[in-house]
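For clarity, every value in this text was computed on a predicted model and none was experimentally measured. Side chains included, hydrogens not; waters and symmetry mates left out as well; all remaining heavy atoms used.
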2 protein chains.
Amino acid sequence: MSTDHATELHHPVRDELQLGEVLHALSDPVRLQIVQVLDRADGEVACGQFPLPVGKSTASHHFKVLREAGVVHERHEGTRRLHALRIDDLDARFPGLLATVLRAAAR
Amino acid sequence: MSTDHATELHHPVRDELQLGEVLHALSDPVRLQIVQVLDRADGEVACGQFPLPVGKSTASHHFKVLREAGVVHERHEGTRRLHALRIDDLDARFPGLLATVLRAAAR
DNA sequence: GGAATAGTTCGACGATCGTCGAACGTTGGG
DNA sequence: CCCAACGTTCGACGATCGTCGAACTATTCC
């Protein structure tokens with residue numbers, strides 16, 4: 001059986017996205033790294049897929065920050081949590097912001 | 001008499017600018033407000049010119065953060081400190097970043 | 001020289017942050 | 001049913017943050 005658990009995690013809706021929160025979420029090196037991987041993956045990635053330099057509890061914390069800032073969407077699938085960038089919503093609120101940051105981070 | 005005091009304050013050079021520091025500097029509402037005023041002013045503005053919701057010591061602190069992140073340039077003129085956005089340097093390191101953030105903040 | 005102007009520096013404070021490890025769910029497979 | 005896999009939650013910790021007021025510095029003007 002599989003119920004939809006995606007709505008159980010509070011994701012802010014598009015209009016609630018705050019620039020300050022997004023910038024703060026992106027200002028941490030670990031979280032920026034996560035966002036970069038997510039961008040390259042161009043799809044959904046599980047937490048374990050990331051070669052992060054921190055323990056799992058810390059990683060879990062960072063994913064929560066990204067989710068609550070509205071940067072990523074999180075979905076439950078079995079024991080894994082799949083994450084994806086909310087590019088559409090971010091681009092609607094802050095056009096070009098994520099792309100610009102990713103390009104800046106890539107160099 | 002007037003010596004050049006501009007070099008006494010440590011401004012990071014263009015190549016030293018760190019994306020994380022810049023994003024963190026811009027993630028604070030007061031600092032974002034300063035940057036917005038600076039952008040609209042299109043030139044140099046003294047600290048006192050800003051209608052900030054904080055005391056002068058706090059304002060001084062925020063200007064320091066912006067300066068050390070490389071977002072603004074500070075220059076001494078008499079008793080005043082004149083500030084200006086380092087758009088050229090920022091655009092060289094992180095093309096379009098400041099403009100995108102400012103456009104996002106404007107809405 | 002003295003007063004006024006414009007900011008900085010210096011603790012201090014409570015709040016938030018990033019990190020960890022241990023314990024706790026939850027799901028899927030033998 | 002039990003165990004392994006995958007993450008979350010829960011303190012706890014030291015570090016950083018944003019804020020303030022008081023004292024200080026530097027410059028200008030009378």
Side-chain angles (χ1 to χ4, degrees), chain A residues 1-11 18 20-35 37-38 44-69 71-84, chain B residues 1-11 18 20-35 37-38 44-69 71-84:
Chain A
M1 175 193 63
S2 69
T3 46
D4 188 5
H5 291 259
T7 48
E8 293 177 8
L9 304 86
H10 1 115
H11 294 82
Q18 301 293 325
E21 288 184 29
V22 172
L23 292 178
H24 171 250
L26 297 176
S27 71
D28 180 88
V30 175
R31 289 192 291 262
L32 195 51
Q33 189 176 335
I34 292 176
V35 171
V37 173
L38 243 30
E44 295 177 312
V45 182
C47 298
Q49 242 77 347
F50 297 81
L52 297 178
V54 293
K56 352 186 253 178
S57 60
T58 302
S60 184
H61 162 69
H62 285 308
F63 281 109
K64 187 179 179 184
V65 172
L66 286 170
R67 174 168 49 86
E68 291 181 341
V71 178
V72 308
H73 179 265
E74 190 173 336
R75 190 169 68 87
H76 287 205
E77 190 188 79
T79 84
R80 306 202 306 295
R81 270 83 174 138
L82 298 178
H83 299 266
Chain B
M1 176 191 58
S2 69
T3 47
D4 187 6
H5 292 260
T7 48
E8 295 178 7
L9 305 84
H10 2 114
H11 294 83
Q18 301 293 326
E21 286 183 31
V22 173
L23 291 178
H24 171 248
L26 296 176
S27 71
D28 181 87
V30 174
R31 290 193 291 261
L32 195 52
Q33 189 177 333
I34 293 176
V35 171
V37 172
L38 244 29
E44 296 176 311
V45 182
C47 298
Q49 241 78 346
F50 296 81
L52 298 178
V54 293
K56 355 185 253 179
S57 60
T58 302
S60 184
H61 162 70
H62 285 308
F63 281 109
K64 187 179 180 186
V65 172
L66 286 170
R67 174 169 49 86
E68 292 182 339
V71 177
V72 307
H73 178 264
E74 190 173 335
R75 189 170 68 86
H76 288 204
E77 190 187 80
T79 83
R80 307 202 307 294
R81 270 82 173 142
L82 298 179
H83 299 266

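- Taking for each of B/H83 and A/V54 the nucleotide of DNA chain C with the nearest heavy atom, the 5'-most of the two is the partner of B/H83.
- In this structure, the CD atom of B/E21 is 13 Å from the P atom of D/dT16, given to the nearest Å.
- The aromatic rings of B/F63 and B/F50 sit perpendicular to each other, their planes meeting at more than 60°, with 30° as the lower class boundary.
- Spacing between atom CG of A/L82 and atom P of C/dT26 amounts to 19 Å, rounded to whole angstrom units.
- At D/dT8, one or more side-chain N or O atoms of A/S60 fall inside 4.0 Å of OP1 or OP2 (strictly under the cut-off).
- Following rounding to the nearest Å, A/R67 (CZ) and D/dG7 (C1') show an atom-to-atom distance of 12 Å.
- Looking at which nucleotide of DNA chain C each of A/H24 and A/K56 is closest to, the 5′-most match is held by A/H24.
- Side-chain N/O atoms of A/T58 include none lying less than 4.0 angstrom from OP1 or OP2 on C/dT19.
- Counting to the nearest Å, the P atom of D/dT8 and the NE2 atom of A/H62 are 13 Å from each other.
- Distance NE2 (A/H61) to P (D/dC6): 23 Å, rounded to an integer number of Å.
- A side chain to side chain contact (heavy atoms under 4.5 Å, CB included) with A/I34 is found for one member of A/L52, A/V71, A/V72 and no other, namely A/L52.
- The nearest pair of heavy atoms linking B/A69 to B/V22 is O-CG2, 3.7 Å.
- Counting to the nearest Å, the P atom of C/dT5 and the CD atom of B/Q49 are 15 Å from each other.
- Regarding contacts with the backbone of D/dT28, every side-chain N or O of B/R80 stays at 4.0 angstrom or more from both OP1 and OP2.
- In this structure, B/D28 and B/H62 approach most closely via the heavy-atom pair OD2-CE1, 3.6 Å.
- Nearest approach of B/R67 to B/H11, heavy atoms of both residues: CD-NE2, 3.4 Å.
- Put simply, CG on A/L9 is 9 Å from P on D/dT9, counting in whole angstrom units.
- Residue-to-nucleotide contacts include a donor-acceptor pair under 3.5 Å from the side chain of B/S57 to the base of D/dG21.
- Taking atom CZ on B/R81 and atom P on D/dT28, their separation rounds to 11 Å, with Å as the unit.
- With distances taken from any side-chain atom of B/A46 to the nucleotides C/dT8, C/dG7, D/dG18, the minimum falls on C/dG7.
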